[in-house]
Q: 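Here's a structure for you.
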Amino acid sequence: MSTIRGRIILAFLGLTLLVSPFLIFSYTSLKKVSDSRKLREQIAFFNVTRLKLSNKFSEIQDHDTKVASFYSSEPSDNLKQLDEYILLANDALMCIDKSDDVLDRVIHSRVKLIQNDLKILNSTIHRVLQLERNRGFKNDGLEGELRENAHQLENAPGILLEENLSLRRREKDYFLRKDINYVQQLNQESDSLKSRLNANLEENVCTLELLSAYQDSFNAIVALEEEIGGPENGLIQEIHNADQDIAKEVDILYTAVSAKTELLTSSIRAYVILFFIITLIFAVIFIIVFSNYIALPIKRMIKDMAYISRQNFKGESQLSTDTPLKEIKLLKTAYNALINKIRVQVEDLSQNNVELSLLNERLTESESELKEASKLKDKFFSIISHDLRGHARNVLSLAIMMDEETDISQEEKAVLNQYMVDASHNLQLLLDNLLNWAKSQMNDHEMAKKSFDINQLIATNVKLFEENAYRKGIIVTHIESELSKAYADKDMVDFIIRNLLSNALKFTSKGDSITLSVVEEQESLTIKVKDTGTGMTPAQVNILLNSEEGGFTTIGTDNEVGTGLGFSIIKDFVKRNNGEIAINSVADEGSEFIFTLPTSLTVQILSA
């Protein structure tokens, strides 16, 4: 053929004939592997359901049998889940049994054994639960009858208080220790009392009936307890044995299916390798045969392109259009026409290049300025949305409280009004600080660093969040130091403490505590904000400390939300005040945020 397309079609047809048997084999093999894996997943699902069933039975024994609702006619949620797990396990076994696997005989026999064991397990579990209901708890079942008979015996004539207490003591000892000796002792004492009461049968006939009823109820409970048994006897042991038998059968079945899957996978891998080798050989032959027809004219064209490029499109093309391939001939013709067109356009582009370069420089400078302005604007509004939300919520909460509570006294109204005034004042103060900070950022002003009392600043912020802490049931403690003069921008430090305290409240709940402390070092102050809240994982701490863009945020204990930029701004403020910040946190145990500030102008100068 005289075209590249025709020759590629011939190569493709040959490759298709070569690959077709492999594709058919791969499809059937992969389907078998997929079926085996699905079968293995069904076995694993059954095993997980079996474990859930066992755990749910243990949970019913440990919890439901000690709740009065267990003995009512309506089944509990745990009992419903128990039956659901049994149905799921049976369905999984049916799916496994219907498998088209080559191990059908092995699977079928194992499934039958597992089904029988599961049926035994199910019936034994329900037998135990029925016996538990018959036994009862507190005022239900046999235990209820036992308690009722015991209470009536307390006032029955003919039985002394010491004798009654002795019977109850034997009863309690048996229920606590499950020792049959206490049963024998109770029956001996009961029989002895009956003998003494029979001496005066006419006067003690009612007491004898009560005593017999009490003894019968107790012995019936003992019989149920022995039938139910424990890990080493009774029905509980049968349940354990049936569960162990099922586990062994499942392991055997899973191992057989896994071995088959591995064998199929290995076979497919071997055929894939063989196909790859054959394809590689075919590709090498194809390249050798057709490279001269395709690659040589293209190489000549590339060489001519390089020559024309070196000449800045001013030289003449040296490429000939003589070639046996139709596509290459058309390509060369189009190439020569393109070269001529490019020559005309190169001159125009050269003239505009200088102007475009100057314009690009101006656009780059403008773009940089716009990005900086946009970044500053976003940062400013993020601070406002992040910090003002909490304080606006305080004002709103107080307003809603005053609106909904119609029966509050004048004194309480006065207190709430004062809270609202304080919250509004703090909100206004916060807004002024944020606007002043934004103004200094946009105008590139120097920070207003000065010496101030850090304890007083902390106390102000603690009072600011006092209402929030009281509402969430959180204790906020401020441990003051004797000399705590910091040299920094007070508004920035105020922002840092306020945000750290706000975040601590956000991730704590009722019963937790927050501690703010100041430790004076040689030439710096260490301020710590420690809480006993939800804490963080090492990965979360790493994101907070090392992320430059911010945006990391999580939901608080009362579903509080944030912008995720608060801590990024805190890091910036600490750094600009020549301080350092660190985090100690353990998930579910709490977090401690630690930052430092200089205490004198000398430190500022030395660190600058």
Side-chain angles (χ1 to χ4, degrees), residues 26-65 70 74-133 228-231 234-268:
S26 298
Y27 174 77
T28 56
S29 298
L30 289 174
K31 186 176 184 302
K32 290 180 180 180
V33 171
S34 177
D35 292 341
S36 296
R37 288 177 177 173
K38 289 180 181 178
L39 179 60
R40 189 165 58 180
E41 291 173 0
Q42 285 288 344
I43 296 171
F45 174 75
F46 168 79
N47 202 32
V48 170
T49 305
R50 176 189 65 80
L51 292 173
K52 290 182 178 179
L53 171 64
S54 179
N55 292 334
K56 186 57 65 177
F57 173 68
S58 299
E59 185 177 345
I60 292 172
Q61 275 199 309
D62 295 339
H63 178 265
D64 288 21
T65 56
F70 175 78
E74 184 67 23
S76 65
D77 292 338
N78 285 332
L79 285 172
K80 293 177 181 178
Q81 290 182 2
L82 181 71
D83 292 334
E84 182 179 349
Y85 289 148
I86 292 173
L87 290 175
L88 288 174
N90 280 316
D91 291 343
L93 287 176
M94 292 180 64
C95 292
I96 296 170
D97 197 31
K98 292 178 182 178
S99 171
D100 295 331
D101 201 276
V102 295
L103 298 173
D104 280 343
R105 293 181 180 178
V106 176
I107 292 174
H108 183 72
S109 61
R110 294 295 176 187
V111 168
K112 288 300 180 184
L113 291 174
I114 295 173
Q115 284 177 334
N116 291 333
D117 290 338
L118 184 63
K119 186 181 297 184
I120 294 171
L121 180 65
N122 182 26
S123 62
T124 308
I125 286 175
H126 282 84
R127 173 60 180 165
V128 169
L129 295 179
Q130 184 58 46
L131 292 176
E132 292 282 2
R133 286 195 178 92
I228 293 172
L235 294 175
I236 297 298
Q237 184 185 21
E238 293 181 12
I239 292 173
H240 178 74
N241 292 338
D243 188 61
Q244 292 298 317
D245 291 340
I246 293 174
K248 291 178 182 177
E249 294 295 335
V250 169
D251 288 340
I252 294 172
L253 184 59
Y254 190 85
T255 301
V257 174
S258 297
K260 183 211 169 182
T261 303
E262 292 298 327
L263 181 62
L264 284 175
T265 304
S266 299
S267 300
I268 291 176

Q: Check whether any side-chain heavy atom of F46 lies under 4.5 Å from a side-chain heavy atom of V250, and answer yes or no.
A: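 Counting from C-beta outward, F46 and V250 do come under 4.5 Å.
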Q: Please tell me if the side chains of K52 and Q81 come closer than 4.5 Å, counting only heavy atoms from C-beta onward.
A: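 No - every pair of side-chain heavy atoms lies 4.5 Å or more apart.
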Q: For residues F70 and I60, determine if any side-chain heavy atom of one lies less than 4.5 Å from a side-chain heavy atom of the other.
A: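 Yes, side chains in contact.
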Q: Let's go through N47 and Y254 carefully: what are the C-alpha distance in whole Å and the side-chain angles of both, what is the deciding distance for side chain to side chain contact (heavy atoms under 4.5 Å, CB included) to 0.1 Å, and is it a yes or a no?
A: CA-CA 10 Å; N47 202 32; Y254 190 85; over 6 Å; no
Q: Side-chain contact test, heavy atoms from C-beta onward, threshold under 4.5 Å: evaluate it for L82 versus L129 and give yes or no.
A: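 With C-beta onward as the side chain, the pair touches.
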Q: Of the non-hydrogen atoms in V111 and L253, which two are nearest, and what is the gap between them?
A: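 So the two residues come closest at CG2-CD2, 4.5 Å.
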Q: Does the side chain to side chain contact (heavy atoms under 4.5 Å, CB included) test come out yes or no for E132 and D64, once each step is laid out?
A: CA-CA 10 Å; E132 292 282 2; D64 288 21; over 6 Å; no
Q: Rounded to the nearest 0.5 Å, what's the gap from CD1 on I252 to CZ on R110? Could you check?
A: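 Result: 4.0 Å between the selected atoms.
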Q: What's the shortest heavy-atom distance between L88 and F45, and which atoms?
A: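 Shortest heavy-atom contact: O-CE2, 4.3 Å.
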Q: Distance-only, no hydrogens or angles: does the H240 side chain make a donor-acceptor pair with backbone N or O of I236 under 3.5 Å?
A: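 Flag not set: sc H240 to bb I236 has no pair under 3.5 Å.
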Q: Can you check whether R50's main-chain N or O pairs, donor with acceptor, with S54's side chain at less than 3.5 Å?
A: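 Here the side-chain-to-backbone pair does not exist.
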Q: Within this structure, what is the OG-NZ distance for the pair S123 and K119, rounded to the nearest 0.5 Å?
A: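 NZ of K119 is found 9.0 Å from OG of S123.
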Q: To the nearest 0.5 Å, tell me how far I125 CD1 sits from L118 CG.
A: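 Taking CD1 in I125 and CG in L118, the distance rounds to 8.5 Å.
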Q: Considering non-hydrogen atoms only, spot the tightest contact between T255 and D251 and give its length.
A: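 Residues T255 and D251, closest heavy atoms: OG1-O, 2.7 Å.
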Q: From H126 NE2 over to L235 CG, what is the distance, rounded to the nearest 0.5 angstrom?
A: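 Rounded to the nearest 0.5 Å, the NE2-CG separation comes out at 13.5 Å.
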Q: Determine whether more than 12 heavy atoms belonging to other residues, nucleotides or ligands lie under 6.0 Å from atom CZ of R40.
A: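 For R40, atom CZ is crowded (more than 12 foreign heavy atoms under 6.0 Å).
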Q: Quick check: do L53 and K56 have side-chain heavy atoms less than 4.5 Å from each other?
A: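 Not in contact.
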Q: What distance separates I228 CD1 from Q130 CD, expressed to the nearest 0.5 Å?
A: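 Interatomic distance, I228 CD1 to Q130 CD, rounded to 0.5 Å: 10.5 Å.
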Q: Quick one, E249 with I246, criterion side chain to side chain contact (heavy atoms under 4.5 Å, CB included). Give me CA distance, side-chain angles, the key distance, then yes/no.
A: CA-CA 5 Å; E249 294 295 335; I246 293 174; 5.8 Å; no
Q: Atom CD1 in I43, atom CG in L93: separation rounded to 0.5 Å?
A: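 If we round to the nearest 0.5 Å, I43:CD1 and L93:CG are 9.5 Å apart.
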Q: Tell me whether N241 contacts the main-chain N or O of Q237 through its side chain, where contact means a donor paired with an acceptor under 3.5 Å.
A: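 Yes; judged by distance alone, with no hydrogens or angles, the pair exists.
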Q: Within the side chain of N90, is there an N or O that forms a donor-acceptor pair under 3.5 Å with the backbone of I86?
A: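 Answer holds: yes.
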